[in-house]
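Before any comments, here is the structure.
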Amino acid sequence: MSAAETCPRGRGAPGRLTAPWLAAVVAAVGSGVRAADELPPLGVDRGSVTISGLSSGGYMAVQMLVAHSASIAGAGLVAAGPYDCAEGQVQHAQGRCLGRGAIPTARLVAATRRRAAAGLIDPVRHLTRARVYLFSGRLDTAVPTAVTDELQRYLLQWIPPRHIRYRKDIDAEHGMVTDDHGNRCDQRGGAYLNNCGFDLAGELLQHLYGGLAPRRVGALQGRLLTFDQTPYLRDRGFGPTGWLFVPPGCAPGTPACRLHVVLHGCGQNPAQIGDAYVRHAGYNRWADTNRIVVLYPQTGDTAPMACWDWWGYTGWHYPVQQGLQITALRSMIERLATRDRRCYSATLWEHLRAGRVGVVWGRVYARGSQRPLGWFWPTARYDLVETGPQRYEPKPCRTSQ
């Protein structure tokens, strides 16, 4: 999607652990090498979390909204289709979900209800309170407007029409529309940022939150930071670092700010376009004057065409709460909502590198508390809560605060 429209490829094979892993662990720990900074515990308002995305990021934002409707207050969906449009099949992702065939929306609605009944996603009744902004460019040749029409039809099964704003009157090609940066409005390609004289990010945020102050004009007063993504998901399409925009007054210990999560499209991760999307999509200048923290997760080299997983390359559970990328995004949100105690969700290898666990004769224990975690296996994931200086307890991150 935001790149060549053959972007979906087959399911990725899980990584295999090779014999030299122990030497790598020893070398990493001994070197004292540190990655990018951790996400800060800002204590953002859990009730104000919203998400938006373009193209594959839009499809992932739909998945997050539906899977976690009890905690995601709204979504901005640009050039995207209904939840689980691909139904785990790459041929559907390349076909009907890009406008090459009919989308079985009624069947997708029924499948959503079954997943909710089975506890794989939040109960669909929570969707009735969500606010949603939809956008489709009239000249979009990648994800035609008919696809986003089906997304609207899907969402109207639960969301009141007054909560949905659908903009489809701009002569825009496929991309994130701005009012001052990017390609010509009718041009497709490059960084997939299109200057159409229309502030899409601003209208989107105004619909999701309402009553926003005017955007910042001139230099931003907030900070754009990089952060280490590896504690949340090692590989499986994730890159090593992401970005976080923190506006004035949203440092740890201040009154709670709001949180908006932005997901780029295919072909828009750092390896493809650097920080162009993060800096020029238009979100930061609104966030800067309205105390909205903006989280920019990033895909990595192993993501097919830099796409988010909306067809199943990380496994069959990709669209439900147990999906690897959905779980990682949810853990990032929880981390930013943490106020006092820090919680780390990571592999044992990553915990060991950071000094949060120790190993004695192959058995792992949490530093400080000495609580046992079992046998050392580098890819096993554990949640550890920091309960004091250099003291950690094995507790789930979501319920520890």
Side-chain angles (χ1 to χ4, degrees), residues 1-9 51-62 75-81 85 93-94 97-100 133-145 147-148 151 167-205 224 237 239 242-243 245 260-286 294-301 303-311:
M1 310 218 333
S2 296
E5 295 324 310
T6 56
C7 74
R9 297 176 181 169
I51 190 168
S52 66
L54 163 67
S55 200
S56 79
Y59 272 106
M60 176 58 80
V62 174
L77 310 171
V78 181
C85 176
Q94 293 176 322
C97 301
L98 301 182
R100 301 164 187 152
Y133 182 93
L134 304 176
F135 182 88
S136 176
R138 290 202 297 194
L139 304 181
D140 195 321
T141 58
V143 184
T145 298
V147 174
T148 308
L151 172 56
R167 194 69 184 262
K168 51 180 177 178
D169 60 345
I170 306 294
D171 288 332
E173 244 291 7
H174 189 67
M176 181 63 188
V177 168
T178 78
D179 63 351
D180 61 2
H181 185 87
N183 301 329
R184 293 196 324 267
C185 194
D186 61 354
Q187 181 181 349
R188 175 176 156 186
Y192 290 91
L193 293 163
N194 289 2
N195 183 355
C196 299
F198 175 64
D199 184 8
L200 174 54
E203 187 169 282
L204 182 158
L205 290 172
L224 186 61
W243 275 282
F245 181 77
H260 185 70
V261 182
V262 176
L263 302 177
H264 61 73
C266 299
Q268 290 183 313
N269 70 7
Q272 305 291 323
I273 64 169
D275 62 1
Y277 197 78
V278 172
R279 292 190 180 276
H280 299 298
Y283 293 94
N284 299 340
R285 52 195 175 185
W286 286 95
V294 187
L295 175 67
Y296 293 96
Q298 302 292 307
T299 61
D301 294 341
M305 298 297 292
C307 301
W308 296 100
D309 185 11
W310 59 279
W311 70 88

Rounded to the nearest 0.5 Å, how far does CD1 of Ile170 lie from CG of Asn194?
11.5 Å
For the ring pair Tyr283 and His260, is the centre-to-centre distance below 6.0 Å?
yes
Can Trp286 and Asp199 be said to form a side chain to side chain contact (heavy atoms under 4.5 Å, CB included), step by step?
CA-CA 10 Å; Trp286 286 95; Asp199 184 8; 2.8 Å; yes
Trp310 and Tyr59: aromatic ring centres closer than 6.0 Å?
yes
Going by ring-ring contact (aromatic ring centres under 6.0 Å, His included), name the residues that satisfy it together with Tyr277, two or more places apart in sequence or in a different chain.
none
According to the interplanar angle, ranging from 0 to 90°, do the rings of Phe135 and Phe198 count as parallel (below 30°), tilted (30 to 60°) or perpendicular (above 60°)?
parallel
Who are the salt bridge (charged side-chain N to carboxylate O under 4.0 Å, His left out) partners of Arg279, not counting sequence neighbours?
Asp275
Taking side chain to side chain donor-acceptor pair (under 3.5 Å) as the test, write out the residues that go with Ser136, two or more places apart.
Thr145
Looking at residues at least two apart in the chain, or sitting in another chain, which of them share a side chain to side chain donor-acceptor pair (under 3.5 Å) with Thr178?
none
All side chain to side chain donor-acceptor pair (under 3.5 Å) counterparts of Asp179, not counting sequence neighbours:
Arg215, Arg285
Output all residues satisfying side chain to side chain donor-acceptor pair (under 3.5 Å) with Glu203, sequence neighbours left out; order by chain, then residue number.
Tyr133, Arg165, Arg167
Gap separating the CG atom of Asp140 from the OG atom of Ser55, nearest 0.5 angstrom
7.5 Å
Sub-4.5 Å side-chain heavy-atom contact between Pro297 and Val261:
yes
Side chains of Asn195 and Asn183, heavy atoms from C-beta outward: is any pair under 4.5 Å?
no
Gln268 and Thr299, any side-chain heavy atoms less than 4.5 Å apart
no
